[in-house]
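Here is the naming used below: chain letters follow the sequence lines, and residue numbers restart at 1 for every chain.
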Amino acid sequence: ILNVEQSPQSLHVQEGDSTNFTCSFPSSNFYALHWYRWETAKSPEALFVMTLNGDEKKKGRISATLNTKEGYSYLYIKGSQPEDSATYLCAFRNTGGFKTIFGAGTRLFVKA
Amino acid sequence: GAVVSQHPSWVICKSGTSVKIECRSLDFQATTMFWYRQFPKQSLMLMATSNEGSKATYEQGVEKDKFLINHASLTLSTLTVTSAHPEDSSFYICSARDYRATNEKLFFGSGTQLSVL
């Protein structure tokens with residue numbers, strides 16, 4: 001059974017704080033790792049798709065790293081803003097499958 | 001960017017009735033769409049993979065006769081919850097991949113909250 005774990009489950013930070021969360025996934029047969037941002041009452045939106053060990057991606061104040069050998073990815077948010085409040089989902093796809101398995105998400109609350 | 005429209009956003013129905021949820025890709029073609037269910041504080045659980053012009057592929061433990069999937073065109077997939085019962089109450093959401101794209105990105109609908117009384 002493929003398992004994707006995200007931690008922490010939720011996080012409360014102050015505006016301006018930098019923060020990061022973790023996604024753990026099976027280290028064998030890796031194909032791709034996705035990060036999505038899901039705001040309340042909206043659709044999940046793709047942030048990054050990473051495929052290579054050591055990949056680092058950046059979009060504005062948000063960045064992500066990938067370690068496929070040990071099976072983890074970090075998502076970093078620099079200088080959090082209230083509009084960053086959302087659930088951040090990671091998802092894993094292996095080489096043997098067509099489907100993408102999701103973690104339960106990290107719920108981020110940024111207080112002004 | 002690519003948009004996936006999902007309707008309805010929420011539905012309340014009586015036990016025993018059937019509910020149809022539509023998922024439509026508005027500006028791209030999707031040979032494959034995915035249907036998920038999410039219970040509170042849990043992961044998005046893949047229920048089935050909907051394939052245009054062929055039968056859907058269901059995940060283990062998901063009853064195909066209970067959750068009917070039809071993917072009749074490259075832009076539309078429907079999920080019908082047949083004879084719904086209170087335990088089917090959940091959040092259902094679809095996603096699709098642009099079949100022309102080389103990346104892995106999934107585009108999601110906004111979800112449907114189903115409440116069965």
Answer with side chain, backbone, both or neither: which region of [X] has an atom nearer than 4.5 Å to a non-hydrogen atom of chain A?
X     : value
B:F39 : neither
B:Q6  : neither
B:Q38 : side chain
B:S9  : neither
B:L44 : both

| task | Determine the interplanar angle of the A:Y74 and A:Y76 rings, folded into 0 to 90°, and report it as parallel if under 30°, tilted if 30 to 60°, perpendicular if over 60°. | result | perpendicular
| So, for B:Y58 and B:F67, is the gap between ring centers shorter than 6.0 Å? | no
| So which part of A:L89 gets closer than 4.5 Å to some heavy atom of chain B, the side chain, the backbone, both or neither? | side chain
| Check ion pair B:E22-B:K20 (N to O, under 4.0 angstrom) | no
| task | Check the surroundings of atom CD in A:Q9: do more than 12 heavy atoms from other residues, nucleotides or ligands lie under 6.0 Å from it? | result | no
| said: For the OH atom of B:Y36 and the OG1 atom of A:T100, what is their distance to the nearest 0.5 Å? | reply: 5.5 Å
| field | In one Ile/Leu/Val/Met/Phe/Trp/Tyr side-chain cluster, 4.5 Å: B:M47, B:L114 | value | yes
| Inter-chain contacts: residues 102-112 of chain A against chain B, heavy atoms under 4.5 Å | A:F102, A:G103, A:A104
| field | Minimum heavy-atom distance between A:F48 and A:A64, given as atom pair plus value | value | CD1-CB, 3.7 Å
